[in-house]
Amino acid sequence: MIVTVVGTQFGDEGKGRVVDSYGDRADVVVRYQGGDNAGHTVVAGGEEYKLSLVPSGAVRGTVGLLGPGCVVNPETLVSEVDGLRERGLDPDVRVARRAHVIAPYHRVLDGAEEAAKSDEGVEAGTTGRGIGPTYEDKAGRRGLRIGDLLDPDLLRQRLEYVVPTKRRLARNVFDVDVDDHPEAFDLDALYDRLSAHGERLDEEAMTVNAERYLAERREAGDRILLEGAQGTGLDVDHGTYPYVTSSTPTAGYAAAGSSLGVTHVGTGEVVGAVKAYTSRVGTGPFPTELDGDLAERVREAGGEYGTVTGRPRRIGWLDLPVLRHADRVNGLTGVAVNHVDTLTGIDPVRACHAYERDGRRLETPPALTEHWSDCEPVYRAFDGWSEVDWATVASQGYDALPDAARTYLEYVVGELDADLYAVGVGPDREHAVERAHPFA
Ligand code: IMP
């Protein structure tokens, strides 16, 4: 059985908690795209774990695999694994030899291009982790792969081509003084650092041929959980381009980015994580965005600060056109709606049912991002709900939710072709009402 978990909005929908709760019944958790731009917080047994690369399931003792569709910064990988070990965990993390490597020059170039774009006011507000430049090199056939780090001659050969081109790009296009960044632009320093990472990954037997590894696990009848990072609105094909990440978080890529066949992935389930309102970090359109006291209140109640960058997240009402789009492009079978507790005490709670653009009603967003700014949200108002003991609600089940919260949830799910699998009522793994389990 294969289950895919995706974000339906702009990331930070609480996928980590969903993956963590399904991870218990999974044998392998695979991330299929993105890199250390993805922040996920997992709270378990009162302990909080902030991870950006290691799949959340690894906190629970499940094998975590970074698939070939990921971009992997070996520094982050090693430091997260070491950090978890220091806290008494023993994560079993594997990384695909076909996954691409984020090298130090990718981070410098990410910052340099964002700075250049911001002069024109068109920056994406990236996490600065080098994600875009690494995927560019992958598509440009000049990338480094994890397997290359284990082969010193091959690594040297690749660097001999790529480093001089990066130096020229940095200097001539972005006006970067490359001598200020020897760790990023000095060939020998890069070689030493990257080959040392290769040795460590090899010593710990962390690298795998993912296609063979997953085929064997699947044939053995293992339960495989595919974890998408970011969200549909940040997908390079289906999101608010160009204010997107450089990979494909939607479920279609779960097959290619893990190396499981699409027919295998397609027989399983696709569960969408939904936040009960909307948040977004970085730039890009946001028709239901709020400001002032209400946004601040939700931001504080929901802890809405970026896990990776610490940036305050932008806050807005739930946006049904965004969710309908996510439902279509991912083929959702179920949804987990998180942060229902965060809206406590807000009355009324609003949800954008549709957009009005040029006198026409739109049920899903326009394809061109530039047209989102002419979209006027058409809201529906719902009665709010008051504070309850959410831990009790979680233990008693769906009927223990406040009536008004259930009305809101039923409206949301009624607009989608998916069932309500879970409702998140707090940050802890235990703070969730489970209605159905895809691995049941
Ligand atoms: P990048 O992925 O660092 O290139 O950033 C591109 C856009 O995606 C920016 O708007 C980031 O803020 C956003 N982004 C990247 N990763 C995440 C995430 O895990 N959660 C939310 N937003 C993200």
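Note that the numbering runs from 1 along the sequence shown for the chain. Each ligand, and each atom within it, is numbered from 1 in the order the structure gives.
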Has ligand 1 got any nitrogen or oxygen that is less than 3.5 angstrom from a nitrogen or oxygen of [X]?
X    : answer
R129 : no
T283 : no
G11  : no
T126 : no
N37  : yes
A124 : yes

Nearest-option assignment for atom 1 (P) of ligand 1, heavy atoms, candidates T240, T245, D110, T134: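 Closest candidate by heavy-atom distance is T245.
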Identity of the nearest option to atom 17 (C) of ligand 1, non-hydrogen atoms only, from R313, E114, Q230, Q9: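 Checking each option, the heavy atom nearest atom 17 (C) of ligand 1 is found in Q230.
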From CG (D319) to OG1 (T288), nearest 0.5 Å: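 It comes to 5.0 Å.
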Nearest heavy atoms of [X] and [Y], plus distance in Å:
X    : Y    : value
D36  : L53  : N-CD1, 3.9 Å
A381 : R350 : CB-NH1, 3.9 Å
A210 : S259 : C-OG, 3.4 Å

Measuring from non-hydrogen atoms of [X] to any atom of ligand 1, is the shortest distance under 4.0 Å?
X    : answer
S246 : no
G125 : yes
R311 : yes

Ligand 1 versus Y243: contacting region, heavy-atom distance under 4.0 Å: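 The answer is neither; Y243 stays 4.0 Å or more away.
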Under 3.5 Å donor-acceptor, R313 side chain and Y305 backbone: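 Indeed, once roles are kept as given, a pair shorter than 3.5 Å links the two residues.
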E296 atom CD: more than 12 heavy-atom contacts under 6.0 Å: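 Result for CD/E296: enclosed.
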D180 atom CG: more than 12 heavy-atom contacts under 6.0 Å: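 Enclosed: over 12 neighbouring heavy atoms sit under 6.0 Å from CG of D180.
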Test item: side-chain donor near acceptor, N338 and R17, under 3.5 Å: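 A donor-acceptor contact under 3.5 Å links the two side chains.
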Mutual orientation of the aromatic rings belonging to W385 and Y408 [parallel < 30°, tilted 30-60°, perpendicular > 60°]: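 Ring orientation, 0 to 90° scale: tilted.
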Mutual orientation of the aromatic rings belonging to H339 and Y277 [parallel < 30°, tilted 30-60°, perpendicular > 60°]: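 Rings of H339 and Y277: perpendicular, over 60°.
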Below 4.0 angstrom from a heavy atom of [X], which ligand 1 atoms are there? Numbered from 1 as shown, please.
X    : result
G39  : 19 (O)
V281 : 10 (O), 12 (O), 21 (C), 22 (N)
F10  : 21 (C), 22 (N)

Over-ring placement of R380 relative to Y411, 6.0 Å and 45° cut-offs: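 The answer is no, since R380 fails at least one limit relative to Y411.
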Closest approach of any protein heavy atom to [atom], naming residue and atom:
atom                    : result
atom 14 (N) of ligand 1 : L234 CD1, 3.8 Å
atom 7 (C) of ligand 1  : V244 O, 3.7 Å
atom 3 (O) of ligand 1  : T127 OG1, 2.6 Å
atom 21 (C) of ligand 1 : D12 OD2, 3.1 Å

Heavy-atom side-chain contact between Y22 and R223 under 4.5 Å: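 Side chain of Y22 against side chain of R223, heavy atoms only: no contact under 4.5 Å found.
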